[in-house]
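Throughout, protein chains are lettered first and strands after them, A, B, ... in sequence-line order, and every chain is numbered starting at 1. Quantities reported herein were computed from a predicted structural model and do not represent experimental measurements.
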Number of protein chains: 2
Amino acid sequence: MSLSLRQQKALQTKQRIVAAALDLFSKKGFDHVTVDEIVQVSNTSKGAFYVHFNSKYEIFLEKFKEIDEFYENFTETLPKEMSSYEKILLLTKSQMIYLKDCLGIDLIRTVYMSALIPNQPKFLSNTDRTLFKIVHSFVYEGQDNGEFKKYLSSQEITMLITRCMRGTLYDWALFGEEFDLVEESQKFIRTILSGMLTKVDN
Amino acid sequence: MSLSLRQQKALQTKQRIVAAALDLFSKKGFDHVTVDEIVQVSNTSKGAFYVHFNSKYEIFLEKFKEIDEFYENFTETLPKEMSSYEKILLLTKSQMIYLKDCLGIDLIRTVYMSALIPNQPKFLSNTDRTLFKIVHSFVYEGQDNGEFKKYLSSQEITMLITRCMRGTLYDWALFGEEFDLVEESQKFIRTILSGMLTKVDN
DNA sequence: GAATTTCACAGACTATAGTCTGTAATTTAT
DNA sequence: ATAAATTACAGACTATAGTCTGTGAAATTC
């Protein structure tokens with residue numbers, strides 16, 4: 001069923017708010033943009049803003065959710081013949097490049113900050129669930145074909161790998177732009193995985 | 001030189017504020033305590049509060065910094081005959097027990113949140129921290145005596161190990177009390193270190 | 001198609017972290 | 001000892017995220 005007139009208008013309002021907000025955020029940085037400014041630029045109101053978003057953070061959180069599309073696209077275009085180890089490394093690299101170039105450090109910082117506010121909808125844990133599933137499929141496969149050790153369960157290993165990613169992203173937000181996100185994440189994941197390989201290669 | 005009368009009074013005021021604040025935080029949680037409430041209970045004022053602290057967060061941050069005393073005490077009571085691997089594992093375990101039992105999840109959550117606010121005094125990301133120095137000394141020793149591989153520098157390894165700690169603490173703050181901080185941190189550090197050992201043992 | 005209900009929105013209002021200015025007590029200078 | 005300077009503090013003020021209430025247009029009910 002298509003949208004009613006009222007729903008169409010509401011959607012347009014929401015889109016105007018998002019467009020104005022993201023534009024302002026990119027120009028001035030999240031912390032230097034006020035909600036009043038956003039509603040003024042988008043010709044809306046506080047009332048409208050908080051109908052569509054529960055907080056100022058949610059604008060960024062909504063943008064952050066788009067990463068699920070990236071994950072889907074990634075799995076579709078992944079060569080079958082890669083080892084599980086290589087798949088996890090490539091996923092990490094592609095993901096970090098995406099986060100750095102498409103979303104940016106200010107968004108990640110904001111998402112990682114807001115995730116620690118109590119009673120906030122758990123976006124980070126939710127979107128990370130998609131990531132968790134993908135990583136888990138690689139880990140499971142790797143244990144199944146004897147590439148990885150089995151002294152930890154596939155769930156436990158997956159948790160550790162995604163924790164490496166969160167830890168690296170947190171450090172990126174913490175140390176700032178001079179931190180090489182792609183390089184650091186590769187180094188970290190390579191190291192943690194090397195302890196799990198059955199075959200020693202260096 | 002000892003404190004002047006004015007400095008003595010100022011110190012007393014600061015201590016009254018800290019005592020009142022920590023008491024209120026532990027009873028109601030950081031987010032449900034206002035600065036107005038703190039200054040009322042401590043019989044001081046906003047002016048006094050912001051002379052002694054740059055933000056509400058800084059009360060917790062100051063408490064958090066006490067961990068350096070814990071680290072110093074730890075190194076003093078550490079048996080010499082342990083391997084570097086065991087030292088790092090024990091440090092992690094003791095540290096996490098300290099954080100869990102003496103500081104608590106609300107404090108860690110607050111510190112990890114506030115560290116991401118721009119222009120905030122950088123304690124977590126300060127690589128001169130006692131924690132970095134201690135871990136680095138163990139790593140250096142371990143590389144020196146042939147226990148650890150040398151394909152990464154001691155600084156890089158130290159950074160990865162402390163990143164594991166930060167990642168685990170972030171996850172604790174994120175997932176809450178049901179997350180077993182001590183167990184999870186041991187699992188994580190054991191795994192990352194196993195990839196660095198020259199001698200394979202399982 | 002008139003009456004009722006819903007809801008997207010406007011904008012006034014509230015809560016609270018943090019700032020600013022004046023002051024009195026202490027410290028320093030002369 | 002007196003004058004000048006400093007500073008810890010009090011409390012009014014500001015900035016801003018988020019809430020609350022009223023309204024008119026759209027949707028639904030009869």
When rounded to whole Å, the CZ to P distance for the pair B:F49 and D:dC9 reads 13 Å
Using a strict threshold of under 4.0 Å (side-chain N to carboxylate O), is an ion pair present between B:E62 and B:K65? no
Salt-bridged, B:K28 to B:D106, with N to O below 4.0 Å? no
Any idea which of D:dA10, D:dT6, C:dC7 is nearest the A:R6 side chain? C:dC7
What is the ring orientation for B:F30 with B:Y57, classed by angle as parallel under 30°, tilted 30 to 60°, or perpendicular over 60°? parallel
Spacing of B:D31 atom CG relative to D:dG18 atom C1', expressed in whole Å: 15 Å
Side chain to side chain contact (heavy atoms under 4.5 Å, CB included) partner of A:D128, chosen from A:R163, A:K133, A:M165, A:R166: A:R166
Expressed as a whole number of angstroms, how long is the span from B:K56:NZ to C:dG18:P? 8 Å
How long is the line joining CG of A:L11 and C1' of C:dC7, in whole Å? 15 Å
Could you pick out which residue, B:D36 or B:L5, lies toward the 5' side of DNA chain C when each is mapped onto its nearest nucleotide? B:D36
Is B:K46 side chain donor-acceptor paired with the C:dG18 base, going by distance under 3.5 Å alone? yes
Would you indicate what B:V35 reaches in the nucleic acid, counting non-hydrogen atoms under 4.0 angstrom: base, sugar-phosphate, or nothing? sugar-phosphate
Could you state the atom-to-atom distance from NE2 of B:H52 to C1' of C:dT19 in whole Å? 17 Å
With no hydrogens and no angle check, just 3.5 Å: does a side-chain donor-acceptor pair link A:S84 and A:E141? yes
Can you tell me the distance, in whole Å, between the CD1 atom of B:I17 and the P atom of D:dA8? 12 Å
When you measure from the side chain of B:T34, which nucleotide among C:dA8, D:dA17, C:dT16 comes out closest? C:dT16
Below 4.0 angstrom from OP1 or OP2 of C:dC9, is there any side-chain N or O of A:S45? no
For A:I59 and D:dA17, what is the distance between atoms CD1 and C1' respectively, to the nearest whole Å? 13 Å
Against the side chain of B:T13, the closest entry in C:dA17, C:dC9, D:dC9 is D:dC9
Output the single nucleotide from C:dA10, C:dT27, D:dA8 whose closest atom is nearest the side chain of A:A48. C:dA10
Gap between atoms NZ and P, on A:K14 and C:dC7 respectively (whole Å): 16 Å
